[in-house]
Protein chains: 2
Amino acid sequence: MLDEQHVAITDSEWELMRAVWTLHRVSTRQLIDIMQKERHWADSTTKTMLRRLIKKGAITQVGETRPYDYVPAVKEQDSMDTAAQDLFDHMCAMRTGNTLAAVIESRDLSQADIAKLQKILNEKAKTAPEMVACNCLPQGMGADCMTEGGERNGQ
Amino acid sequence: MLDEQHVAITDSEWELMRAVWTLHRVSTRQLIDIMQKERHWADSTTKTMLRRLIKKGAITQVGETRPYDYVPAVKEQDSMDTAAQDLFDHMCAMRTGNTLAAVIESRDLSQADIAKLQKILNEKAKTAPEMVACNCLPQGMGADCMTEGGERNGQ
DNA sequence: TCTTTCTGACTACAGTTGTAAACTAAGAAT
DNA sequence: ATTCTTAGTTTACAACTGTAGTCAGAAAGA
């Protein structure tokens, strides 16, 4: 399984993928019903999404007989991690911490999740810098953007 | 400033916005130079992006005289937080923790950032559930997706 | 003032995304 | 075997994106 990795999944497609990932193996019928209940999609909309995801290599069609089945071709956790990393990649490094704080604060996390994050943070604290610089401009361009406190003009 | 909030910023637009946010107030010329150095954009590409962002309400044109200036109309931290929340909103809640772990692990965070996150986590730990359920399917549809360990078939 | 140079505004255009109708070939029912 | 019903395949289409060329009106220079 030479994992084609890095399939770009769009907003709407995420919904379909979640169903496929969760059920491991689904029929078009199941997907149509789920998406209908969840997003009020017309049958054809689900079919189109399914077809696009297959072309993109995110889903694989399986089975010989006619009502085929569909299984995920990419891993859910990988896709999630990649999507998140990609997002943070184009946001100011100096503000990453704040955004992470906002997300963590608003999400339900299990005891195990929290323990895991705490462990990572403790480890990271050992070598963390006093402050992270803004990386929004190509070097040389524009006066350096941060003020004394490490906080850019508090908006 | 009746903050129109919730302007959807696209991938390419993020780059332009970062420059505007960082410089607080810029001229078209500056932006063109920055984007040229950073993304090899043609002058017109930068102009188009700028114009679209203005129309979207993410940037405001200021000044009376001809070479106008441009200032952000939405706050950077808000936009970042919103984008991150939106992303996590359509991903499996059960796996959020893992993705956050991946992101935290790969990012540079300052001592202050880490301290802040640790504080939030400690607080959260007090009331965190033993496990977070998968929320990928409309209730009722499909067998519940998690196995004993709280981990869906380890992919 | 006349010409050159910016810079702001409009146009272009292919590819993607969100949504969905239409058509066709397999199975299922009669 | 004939017809009905699914399920898979094509086509549609407007809005949005990434990229960029063109043109007209201001500013600046000659």
Side-chain angles (χ1 to χ4, degrees), chain A residues 6-20 23 25-71 73 79 83 86-87 89-90, chain B residues 6-20 23 25-71 73 79 83 86-87 89-90:
Chain A
H6 249 31
V7 206
I9 298 170
T10 74
D11 281 355
S12 295
E13 290 170 351
W14 270 102
E15 302 308 323
L16 226 207
M17 285 307 293
R18 289 176 70 174
V20 178
L23 297 172
R25 174 174 186 131
V26 278
S27 61
T28 299
R29 174 52 34 201
Q30 274 179 291
L31 287 176
I32 288 179
D33 291 347
I34 292 175
M35 298 324 278
Q36 145 62 217
K37 190 153 307 181
E38 190 160 313
R39 321 225 75 191
H40 304 292
W41 277 1
D43 297 22
S44 25
T45 302
T46 299
K47 289 184 188 176
T48 300
M49 282 298 158
L50 179 54
R51 210 117 293 282
R52 286 187 186 163
L53 263 332
I54 289 174
K55 179 185 292 181
K56 279 192 183 179
I59 289 180
T60 307
Q61 193 175 53
V62 296
E64 307 297 296
T65 99
R66 198 38 148 67
Y68 303 123
D69 270 350
Y70 302 87
V71 299
S79 300
D86 283 355
L87 179 67
D89 274 348
H90 59 222
Chain B
H6 249 30
V7 204
I9 297 171
T10 75
D11 280 355
S12 296
E13 290 171 349
W14 269 102
E15 302 308 323
L16 227 206
M17 285 308 292
R18 289 176 71 174
V20 178
L23 297 173
R25 173 173 186 134
V26 280
S27 62
T28 301
R29 174 50 36 197
Q30 274 179 292
L31 287 176
I32 287 179
D33 290 347
I34 291 174
M35 299 323 279
Q36 145 63 217
K37 191 153 303 179
E38 190 159 314
R39 321 226 75 190
H40 303 291
W41 278 0
D43 297 22
S44 28
T45 303
T46 300
K47 289 183 190 176
T48 301
M49 281 300 158
L50 179 55
R51 209 118 293 282
R52 285 188 186 163
L53 286 169
I54 289 174
K55 179 186 289 180
K56 278 189 183 180
I59 288 180
T60 307
Q61 194 176 51
V62 297
E64 305 299 297
T65 99
R66 200 35 149 67
Y68 304 123
D69 270 349
Y70 302 87
V71 298
S79 299
D86 283 355
L87 178 67
D89 274 348
H90 58 222

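Below, read A as the first sequence line, B as the second, and so on, with proteins coming before strands; counting in each chain starts at 1. Everything numeric here is computed off the predicted structure, so don't read it as measured data.
For A/Tyr70, no side-chain nitrogen or oxygen approaches OP1 or OP2 of D/dA7 to under 4.0 Å. For D/dA20, neither phosphate oxygen OP1 nor OP2 lies less than 4.0 angstrom from any side-chain nitrogen or oxygen of B/Ser44. Contact between the side-chain N/O atoms of B/Arg66 and the OP1/OP2 oxygens of C/dT7 is not found at any separation under 4.0 Å. For the OP1/OP2 pair of C/dT7 and a distance below 4.0 Å, the side-chain nitrogens and oxygens of B/Arg29 include at least one atom meeting the criterion. Under 4.0 angstrom from either OP1 or OP2 of D/dG18 there lies no side-chain N or O belonging to B/Trp41. Between B/Ser12 and the phosphate of D/dT19, there is a side-chain N or O to OP1/OP2 separation shorter than 4.0 Å.
Looking at which nucleotide of DNA chain C each of A/Thr45 and A/Ala8 is closest to, the 5′-most match is held by A/Ala8. Comparing A/Met49 and B/Ile54 by the nucleotide of DNA chain C whose heavy atom lies nearest to each, the residue mapping closer to the 5' end is B/Ile54.
The closest side-chain heavy-atom distance from A/Gln36 to A/Asp43 is not below 4.5 Å. Using a 4.5 Å cut-off on side-chain heavy atoms (C-beta onward), A/Glu15 and A/Met49 make no contact. Residues B/Ile59 and B/Met17 have side chains in contact (heavy-atom distance under 4.5 Å, counting atoms from C-beta outward). A 4.5 Å side-chain heavy-atom check between A/Ile34 and A/Leu23 finds at least one atom pair inside the cut-off. Contact of the B/Arg51 side chain with the B/Gln61 side chain is registered, since non-hydrogen atoms from C-beta on lie closer than 4.5 Å.
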Strictly under 3.5 Å: I want the nitrogen or oxygen pairs between protein and nucleotides 13-16 of chain D, one per line.
none

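With salt bridges taken as basic N to acidic carboxylate O contacts below 4.0 Å, one links A/Arg29 and A/Asp33.
Counting non-hydrogen atoms under 4.0 angstrom, B/Asp11 reaches the backbone sugars and phosphates but no base. Residue-level contact check: A/Thr48 touches the bases, meaning some heavy atom is under 4.0 Å from a base atom.
In this structure, CH2 on B/Trp41 lies 5.0 Å from CG on B/Leu16, to the nearest 0.5 angstrom.
Computed from coordinates, the A/Lys55 NZ to D/dT9 P distance equals 12 Å when rounded to whole Å. D/dA27 atom P lies 12 Å from atom CD of B/Glu64, rounded to whole Å. The distance between atom CG of B/Leu16 and atom P of D/dT19, rounded to the nearest whole Å, is 12 Å.
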